[in-house]
Student: 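Submitted below is the structure of interest, expressed as C-alpha cells.
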Amino acid sequence: MIVTLSIVLPFIAAALIPFIYRYFKNIHLGWFVLVVPVVLFSFLATYIPRVANGEVFVKTFEWIPSFGINITTYLDGLSMIFSLLITGVGSLVILYSIFYLSTKESLHHFYCYLLLFMGAMLGVVLSDNLMVLYVFWELTSVSSFLLIAFWHHRKASRAGARKAMTITVSGGVAMLAGFLMLYVASGTFSIREIVANLEVVQSSVYFVPAMCLVLLGAFTKSAQFPFHIWLPDAMEAPTPVSAYLHSATMVKAGIYLVARTTPIFGGHEVWFWAVSGVGLLTLFWGSFNAVKQFDLKALLAYSTISQLGLIMCLFGLGSAALHSGYSTESVIYTQATFAALFHLINHSTFKGALFMMVGIVDHEVGTRDIRRLGGLMSLMPFTFTIAVIGSASMAGLPPFNGFLSKEMFFTATLKITELDLFSLNSIGVLFPIIAWVASIFTFIYCVIIVMRTFFGKIQPDRLEKPPHEAPFGMLISPYILVAFVVGIFIFPNVLGHYILSPAMASIYPMFPSVEDMTPHIAAWHGHINPELIMTAGVIIIGVLLYRVLKKWRPIYQLIPPSFTLNALYERVITSGEDVSGRVTNRYMNGNLTYYFVYIYVFFVALLAGYMIYADAFSWDPSKDSVIEPYELVLVFVMIMAAVAIIFAKQRITVVLLNGVLGYSVAFFFVVFRAPDLALTQLVVESVTTALFLLSFKYLPKLKNEYLPKSWRFAKVTISIAVGATVTLIGLAVMNYDRFEPISKYFEDSYNLAGGQNIVNTILGDFRAFDTMLEVVVLFIAGLGIYTLIKLKAKKGDADVESK
Amino acid sequence: MNNIIVLPLIVPIITATLLVFLNNNIKLQRIVSLITMIFVACISVVLLQLIQTEGILRLDFSGWMPPFGILFVADSFSVLLVLTASIVTAVCLIYAFSTIGERHEKMYFYPFVLFLIAGVNGSFLTGDIFNLFVCFEVMLLASYVLIALGGGKMQLRESIKYVLINVVASWMFLVALAYLYGTLKTLNMAHIAQRVAEAGQDPLLTVVSLTFLVVFGLKAGLLLFFWLPGSYSVPPTAVQALFAALLTKVGMYALFRTFMLMFPLQPEITHTIIGVMAGATIIAGCMGAFAGRDVRTIATYNVIISVGFILVALAVGTEDAMAGAVYYLVHDMLGKALLFLLIGTMILVTGEVVVKNMNGLIRIYPLFGWIFFIMMCALVGIPPLSGFIGKVLIGQGAIETESYVLLALAFGSSIIVMYSLLRIFLASFFGETSINEEDKMPIPRGAMASFIILAIFIIGLGVGAEGLAVYVNDAAYTLSNPSVYIDAILNTNK
Amino acid sequence: MNVNQLIELMAALLILVGAIVSVISAFGMIRLPDVYTRSHAATKSATLSVLLCLFGGFVYFWIHDGYVSIRLILGIIFVFITAPVSGHLVCRAAYRSRVPLAEGSGDDALNEILFGEENIQVKEEVEATLKEIKE
Amino acid sequence: MKVNDVILKSVVRGVVFIVFTLGMYLFFAGHNAPGGGFIGGLVLGSGIVLLYLTYDIETVHKGMPFDFKKVAAFGVLLATGSAIASLFFNVPFLTQADGYYNLPLLGEKHLSTVTIFEAGVALTVVGTLVTIILNISEDE
Amino acid sequence: MLGQFIINLFIATLWFLLKDDPMADFTTFMSGFLVGTLILYAMHRFFGTQFYLRRVLKIIKLILLFIQELLLSSISVLKQVLDPQLKITPGIFIYETKLRGDYQVTALALLLTLTPGSVVMEVSEDNSTFYIHAMDIEESKETVIRSIGKFERAILEVTQ
Amino acid sequence: MIDLILKAALVLFMLAIALSLYRVIKGPSLPDRAIALDTIGVNLISAIAIVSIVLNTKAFLEAILILGILAFIGTIAFSKYIERGVIVERKSAD
Amino acid sequence: MESLMIVLVGILVTVATYLILSRSVIRVIVGTAILSHAVHLLLLTVGGLKKGSVPLLGQAAAPFTDALPQALILTAIVISFAVTAFLLVLAYRMYLMNGTDDLEELGGSSDE
Ligand code: NA
Ligand code: NA
C-alpha cells in the first residue's frame, strides 16, 4: 500500500505544482519539490533491512481486471536498488537544480515534468504487471521528451527531444509486442507468475521473439549501440535533467528491464550473446567516441553510453549462470551480475557528480567546450575536486568505487572465457580484450575531462563570463555524491550485503543461496591478479596515448561524417520522407481518373482473380427463359446507344442516348412484369434528362479528349475487364439456386398488409423503413441542391475558416 | 418490441426536418440539435444497459418477423458505436457553434449534420443488408452536402471527386446486393449468415463476400482510400472532424459484420485478403503521414493508418482482437475528432496550413497545446490514454494467430503516427512564437470546451477502460460467435 | 373462329398496320433531307401509328376481357392533342436556332420576318453557330 | 418577332388536368395496382414542371404560392410522423393501422395509415422535384 | 362550351375513380358521364352559354375532320418517304387567318399541323398570321389553303 | 396467330426505335435528335400496349399514358432548350 | 434471356466504366447514370425473368414474378435519381467556380 503511494505521491505533487507555483512566487519551487524524493527515499530506506531479509512487498489494485491488467506494486531487492537511486539521486538533483535554475525559467513546467518522470520511473521499477510497467515506461519517455525540450525555443532542443522520443518509443512499442507475446504464452501479465511458470513460456514459440522484442525496448532505453544516438542529443536538456534522467535513472530502466527479465530469458544463448555482445560493443563504441568530443556534456553522454554498455555486458555475462541451473560452478558466473549491480550504483554516483560538475562549469563560465576551457583549477578548486574524484572513479582508479566494480568487470570477462558454453571458449577471448581496450579509452577521456578543464592556460576572452567558484548550494549535491564515491570504496560490503544481495535474489530466484552469490568485495585480494595487471596496463597506455592524442586524433576523421550512425539515422529519416513524399504524391495526384483506375483494377483483380483461382464460374443457360426477337432488337438498340455514347461529340447527344437507354430499361421493366418500376423509371429518366438539360446552361461543351494510345488501350482494357467481371459473376450467380427467395412470403400481401400490389406493399409496409429513409435521401438531396445554389459563396465573401 | 432502438435514427431525422422550418432561428437550431445528440447518447446508454440484461435486442419494423421485414438490431458492438458517434457529434456541434459562422449555419448546417448522424446510426443498427445500403445513402447524401457546404472553390473541386467515387462505390454495393440476392435470396443479415453456413460458403459465396469487401473497403478507406485525403481537407473544421470520426467507421463496421457474421467461413481467403489490404493501408498511410508537411495531410493520413490498424483486428479475427477493435474504434472516433478539431483551430488562429509556418503556439495557447499533446499520445497508443488498451488487445490477437507481419506493421505504424504528430507539436506548438500576445486570435470558448470534453473522454477511456470492458467483451463475444446474433434474430419468438 | 376472335384479329392487324406505319415513318426520319421535313414524318405518321396501336389495344381489351380502358382512351386523346404541338414546337425551335432548310427548298417566308434586321450583321455568327451544331 | 406560345399554352391548360388526375389516381391506386406515393408524387411533380415549362416561374408561383422545400419537409414529417405514431400505441415502429370505416358520402372505405405514409412520400417527391428544378432554373 | 365538356368529363372521371371498385369499367364511366351531363344541363344557364351537347355533334364533326386529316397526311408523308425519287421542294409560306381566340387559333394550328405536308411553325403575336412549313411547297400550299377555310368554319361552328 | 402478329408488330416497333436511334446518334441538329427521341417515346407507347396484350395484363396501361405525358413534356423542354437555352423562365416574356 | 440480360449488363458496365475514366465531368456523370441502369437490370435479372406474372394479386394468377428485387430497384432508382440530381448541380457549381470540368486540370493535391 505504502509502496503504491510512493508511485502516486510524485504524480499528486506534480498535479499540485501549478497551485504552489501560483501562491508561493517568492520561494524557489524546487524547495517544495525536494520534499517528495527526500520523503520517499527515507521511507524506502526504512524497508532496506526487511528487503535484505528476503521480504517482498506486494499489493494489487485492480485497473482493467477484464484483461488482466492490474496495478501490482512489487518491492524486492532489485526494485529497491532502483527506487533508492531514483529517489536518492532525485533528491540531490532537485537540490542542485534549485541553484542551477533561476526563477525566471518556467519552473512549474520543469518540476512538473520532473515529478512526472520520478513517479513514472518508480512505477517502472515497482510494477509487477508488464502492462503497467509499460505504461510507466512510456511515461518516462514522454516526460524525458518534455524535459529535453524544456528550452523548446532552441532548435537543437526540439531535435534532440524528437530523436529521443522517436527512438525510445519505438523501442517501447517493440517491448510491448514482446510483453504481449509473453502474455499470450503464459496467460498472465504478472512477472512473478511468469517466472513461477517458466516452462510454459520457455517452451512456447514466442520465447525467442519475445526476448528479442523486450531487448529492443531495453536497448533503446539504455542507449545501447546502435540506438545510443539519441543520448548525446538529449544533452540539450538542462544539466540537472541530464544528470538525473540521462545518466542515473531513466537510461537505467533498460538495464532494470534486462535484470528483471533475466530469470525469464537468461540462460538462453540468444539472450547471452545479445545482451553481453551489444553491451560490449556499446562499451567500446561509447568510450571510443567520448574521446573525440569537445563538449564536456557530449563527452559525458558518450561516457554514459559506454558505462551502460559495461553494465549491460555484465548482465549478459551473468545470465550464463542460468543456463545449466544451480550449481557451484554456475554460481561463479552470477558474480558478473553482482558486478553489474555494483557498477550500476557506482556509475550513478560518479556520473551524477561529474554531470553536476559540468553543470557548474557551464553555469559559471558559460561554455562547456574544452577548446575554450582550461586553467580553472585555481579559480574553482571545489569544482575541480569533484572532477578529479569523479573522473578517477570512472577511470577505474583507486581509492574510488569505480575501481572496485571495474576490477570485478575484468574478472567477469576473464571468467567467461573459461566457460564451455555458447562457443565461448573460442571467441570468448574477445570479451577481456575489448573490455580492456575500452577501459583505455575510458581512462583517456577521464584525463581529458580533468586536464582540459582545469589545467593548462585559462582563456578568459573565450569564456562567456568571468569564472569563479560555484555558490555553496550548487556544490552540496555533487559533494554528497563524491562522498559516496569514496565511501563505497571504503565500505563496499555494506552495500553488497544490504542492497546488492537482495537484488541478486530477485535476479536468480531459483538459486537457493544468496550468500553464494554475494562475493566479498575487496580492493586488494592479497596478490597481483590479471585484473590488476590489466588496470596497470590501462593507466600506462592511457597516459601514453593521452600525451600523443594530437597525433592519433585524426583517426576520428577516417570515418566520414556522412557514415556515422547519426548521419545514417538522419539519412534514413530524410530519404524516407523524401521517398514517401514522392511515392504518395505520385499516386495520390488528385486526378480522379487515376483513382478510378486503382479502384477498378482492384475490383477486377480481386473478384475475377478469385473467380479464376477458386474456379467459381459456372453457366447453365438451359434454365433461361426464351429470348423473343423483339427483345433481341431492343438489346441491340441498347448496345448501339451505349456504344454511341462513347463516340458522341455533343453533350446533348450523350444525354439523349442515355435517355434512350433509360427508356429501354423501362421497356424491359414492362417486358419483365414490373409495372411500378416501369412507371417510376419512365418519369425518373425523363426528369433526369431534364436536369441534364437544365444544368447544361452552366456547363461547358464537351471537348475532344486527346488520349495517348497506351492510355486509350488501358481504358478500353479496364472497361472491358470490369464489364466482363460483372458478367462472369452474374452468370455464375444466375446458375446458383440453392435457396428459395424469401419473397414468397410477400405474395400473401393482401392478407398480411391489405394490398394487392405486392411491390407496393413491400415498399409501403414490409419494407416501409427503406421507403421512409429513401424519402429522407431525396429530401436531403433537394435541400442540398437548394443550399448549393441559393446559399453559395459569393465572390469576395471571405469565409471565417477558409484560409 | 423495442421501439427505443429506432430512436437514434428517427429522432435526428425528425428534428432535422423540423429545423428546416426554423432556419432563421439559429439559437434554437443550436439548442435543438445539441439536445438531440445528447438525447441519442442517453438512449444509447440505456440500450447498452438493456442489452446486458436482456441480450441482443431487435426491433422488427411494422412487426414483420425476420427475415421478411426490416429490423434494427442492437448489440453491444453497434450500440457502443452509436453512443460514441453521438458523443462525437455533440462535441463537434459545440465546436461548430462558435466557429462555423452564421452563413454556414443558415445553410441548414445543423439539419445536415443530424441527417448524417441518422445515417450513421442507422448503418450501425440495421440488421438488413439492403437497409444498410439505404442508411449509407442517407449518410452519404448528407456528407455530400456537408463537404460542399459553403461552396468554396477547392471544396467543390474535392467534393465532386468525393461524390463521384462514392457513387461508383454505391453502384458496387448494389451489384454486390444483386449477387447476394441472386445467390442467397434473402436480405436479413442473420438469415444470410444462416444460409451461408448452410451452404458452407462455397466459392461463389466467397466471391459475393469479396464484392462486399471492395464496397466496404472503399467506404472504410481500406486500401481504396483515394477519396479520403482530398475530401477530408476542404470542409469546415467541424465537418472534417465529423467525417474523420464517423465516415470510415461505418465502412469498418460493415466489414466486421460482413466477415465476422455473414461470411465468416473462409477466413483463410477473406481474412487473409483483408490482412494484406490492411497492411498495405498502414504502409500507404504511414508514407503519407511521414512525408506530410501540411497539418491536414498529416491528419488525413493518420486516419488512413488507423483504418489499417483497426482492420488488422478483423484480419486476425480472434475474440481478443475483436475486443481491441471495439476499443480502438471508440478511441479512434474520439481521437480523430479531436485531432481534426485541433488542427482546424490551428489553421484558424494562424491562417497557415504548413507545419513549419506555425510556431510556438503553446506559449499563447497553453491549454490548447497540451490537449494536442495528450491527443497525440492517445493516438500513438501511449498509456494510460484511450488508444492503449485497443492496441494491446489487437496486438494480442495478432500474436495469438502468429500474424507477425501485421503485428509489426500495426505497431510500427504507431511510431509513424507519433513521428508525424510530433512534427506538428514540435514545429508548431514548440519553438519561438511568431504571434504577439496582443494580436493573438482568441480560441473561442465553445471550441475550447469541445477540446476539453474530448480530452476528458480520451483520458477517461484509457484510465477507465474497465468501465467499458463488460460491453466491449460482450461485443467481442457476439462478433466472434455469430450464432449468438443469428439465434437472437431468427430463433427466438418475441 | 367466332366474331370476337375475328375482331381481336382485326385489332391485331390494326396494330400491325400501325407497326408498319411506324417503321416507314422511322425510315422517313432517316431519309428526309432536313429537320423540318423529318418532323412531318414524326408528327404525323408516328402519331398515326401509335393511335392505331392504342386503338387496337383498346378494342382487344374490350372484346377479349370486356374491359374498357379509360387509360387507353386518355392516352389516345393525349397523344392526339399533343403530337402536333410537339411538331410545332420543335420546328419553331429548330428554325429559331437557325437550323437551315434543306438545300433546294423553296420559299422561306419566315426568314425575313424573324432575322431580317440581324441577317446581315450576324451572318458570320450564324455560320459559326451552324458549324457548331453540325460539327 | 416575339415567340407566340398560344398553341402550347392552350393545349397545356387542358392537358395538365389529365396529368394531375393521373397523379392523384396513381397515388390512390398504389396499394392494389401499379402506383403509390412515389409514382403519384412524380407524376404530380411532372405536372407542376409542365406548368413551369409552359409558363414561367413568376406566373406559376402566383397560382401555387408554396415553398416547395417546405412541402418536401412536411412530406418527410408526415412519413416519419406516421411511422413514429406507432410508438405511442406501443406497437413496433412503422406498424400501419388499417381498417374499414363507414364514411359519410363515400360509403365504406378501406382506410390505412399507409395512406398517410404514402402521402408523406408523395409530398416529399413533389416538393423535392420542384425545388430541384426551380432552383436550377433560377440559378445565375 | 369546351369548359362544360371538360367539366362533364371530369365529373365522369371522378365518378369512375371514386368507385374504386375492381369491377369498375367503361359503363361506370358512362354512368358518371351521364350524371355529369345531367348536372351540367341543370346548370348550363349559369354558364351563360348554350347547353354544350348541342355542340357535341359539331365537335364530333370536327374530330372526324381531325382524324381524316391525320390519315390523309400520314398517307401522303408515307408516300413521299417511300417514293424512290424523293422529289420534294420544302418551304415556308404564310397564311392569314380570320380566327383570333386562343383556343380557335390553337385548334386551327393543330389541324393544320395534322394536315398533309404542313407544320405550323410560328404564329404571329396577334394570332393573325401562320407561318407554315410545307413538305412540298407546290403541292401543299394549294391543299392547305383549300382546306383551311373548311377548318376555320368547323372551328367557328364549335366555338361560337 | 394473334400472338404472332403482335410479336411481329413488336419487332417492327423495335426496328422503328432502332432507326430513330440512328437519328438520335447522327443528328445532325439538336431538333433532329429531339424529334427522334420523341419518336422513340411514342413507339415505346405502342410497344407497351402490345406487350400488355401479349402478357394479357392491364398493369402497364398507366405507363402508356405516362409515357405520352413525358414525351410531351420532354419535347417542350427540348424545344425550349434549343430555342432559348433556358427551359424554365423566371419571368414571362411579355 | 437471363444470360443475355447479364451480358447486356456487362456491356453497359463496360461503356459506363469507359465513360467514368474520361476527363470530362459530364461524361463521368453520364457514366454513373449508365451504371445505375445496368445495376437495375442486374437486380431485376437475378430475381429471375418471366418466371411468373405481374406481381398484382387482383390482376393475375400465381406464380408471381419475384417482387422483392422490384421493390429494391424502385428504392435504388429514387436514390440514384437524388444523387444524380445533386451531382449535376455540384458539377456545374464546381465548373462555375473552378472554370474547368476537366478532371485532369482539377487534379493537384489539396495542399495548394
Ligand atoms: Na475515420
Ligand atoms: Na442514376
Side-chain angles (χ1 to χ4, degrees), chain A residues 589-593 596 621 624-625 627 635 639 642 645-646 651 654 658 661-662 665 672-677 680-681 684 688 691 695 698-700 702 705 715 719-720 722-724 726-727 730-731 733-734 741 743 746-747 750 756-759 762-763 767 770 774 777-778 781 784-785 788, chain G residues 1-4 6-15 17-18 20-24 26 30 33-34 37 40-42 44 46 49-50 53-58 64-68 70-71 73-75 77-79 81-82 84-86 88-90 92-93 95-96 101 103-104 107-109:
Chain A
N589 57 4
N591 188 340
L592 184 65
T593 314
F596 276 131
D624 281 10
S625 46
I627 303 174
V635 168
I639 293 172
I645 291 179
I646 290 179
R651 53 190 191 170
V654 170
N658 179 52
L661 285 181
V665 169
F672 300 141
R673 290 107 164 121
D676 291 270
L677 285 187
T680 314
Q681 172 71 14
V684 165
T688 307
L691 291 182
S695 39
Y698 316 100
L699 276 168
L702 282 185
E705 289 189 12
K715 260 179 78 169
S719 312
I720 291 175
V722 172
V726 172
T727 308
L731 289 174
V733 164
M734 288 314 299
S743 35
F746 306 126
E747 291 179 5
Y750 192 74
Q756 292 180 321
N757 180 348
I758 302 176
V759 175
I762 293 177
L763 288 168
R767 298 183 67 88
D770 274 350
E774 165 193 355
V777 167
L778 199 60
I785 288 170
L788 269 183
Chain G
M1 192 66 213
E2 281 85 346
S3 301
L4 180 65
I6 300 275
V7 171
L8 175 64
V9 167
I11 292 170
L12 289 180
V13 170
T14 304
V15 170
T17 309
Y18 189 88
I20 285 173
L21 295 177
S22 308
R23 286 163 58 171
S24 139
I26 298 179
V30 173
I34 297 174
H37 294 325
H40 298 156
L41 287 180
L42 182 65
L44 192 70
V46 296
L49 300 175
K50 307 186 192 172
S53 48
V54 176
L56 296 170
L57 294 179
F64 298 102
T65 195
D66 194 342
L68 189 52
Q70 296 191 11
I73 295 170
L74 205 67
T75 308
I77 289 177
V78 176
I79 288 175
F81 165 71
T84 307
F86 184 80
L88 272 171
V89 176
L90 184 63
Y92 85 69
R93 293 258 19 120
Y95 171 72
L96 294 180
D101 79 326
L103 286 170
E104 200 168 301
S109 63

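Chain letters run A, B, ... following the sequence lines, proteins first and then strands; every chain starts at 1.
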Student: Any idea which of A:Ile646, A:Val665, A:Ile720, A:Val777 has the most non-hydrogen atom pairs under 4.5 angstrom with chain G?
Tutor: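 Highest number of heavy-atom pairs under 4.5 Å: A:Ile646.
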Student: Could you grab the distance from atom OG1 of A:Thr727 to atom CD1 of G:Ile11, nearest 0.5 Å is fine?
Tutor: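 Here the interatomic distance stands at 7.5 Å.
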Student: Less than 4.5 Å to any heavy atom of chain G: does that hold for the side chain of A:Val733, its backbone, both, or neither?
Tutor: side chain
Student: Report the distance from atom CG of G:Leu12 to atom CG of A:Leu661, rounding to the nearest 0.5 Å.
Tutor: 6.0 Å
Student: Tell me which of these, A:Val726, A:Ile645, A:Val654, A:Asp676, has more heavy-atom pairs under 4.5 Å with chain G than the rest.
Tutor: A:Ile645
Student: Is a side-chain donor or acceptor of G:Glu104 paired with a backbone partner of A:Asn591 at a separation under 3.5 angstrom?
Tutor: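 Answer holds: no.
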Student: Counting only heavy atoms closer than 4.5 Å, note whether A:Phe596 contacts chain G via side chain, backbone, both or neither.
Tutor: both
Student: Hey, could you give me the CG/CZ distance between G:Leu68 and A:Arg767, rounded to the nearest 0.5 Å?
Tutor: 6.0 Å
Student: Heavy-atom distances under 4.5 Å only: say whether G:Tyr95 touches chain A with side chain, backbone, both or neither.
Tutor: side chain
Student: Would a distance-only check, ignoring hydrogens and angles, find a side-chain to backbone donor-acceptor pair under 3.5 Å from A:Asn658 to G:Val30?
Tutor: no
Student: Please state whether the side chain, the backbone, both or neither of G:Ile20 comes within less than 4.5 Å of a heavy atom of chain A.
Tutor: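 Both parts, backbone and side chain.
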Student: Flag the pair A:Leu677 / G:Leu44 as yes when at least one side-chain heavy-atom distance between them is below 4.5 Å, and no otherwise.
Tutor: yes
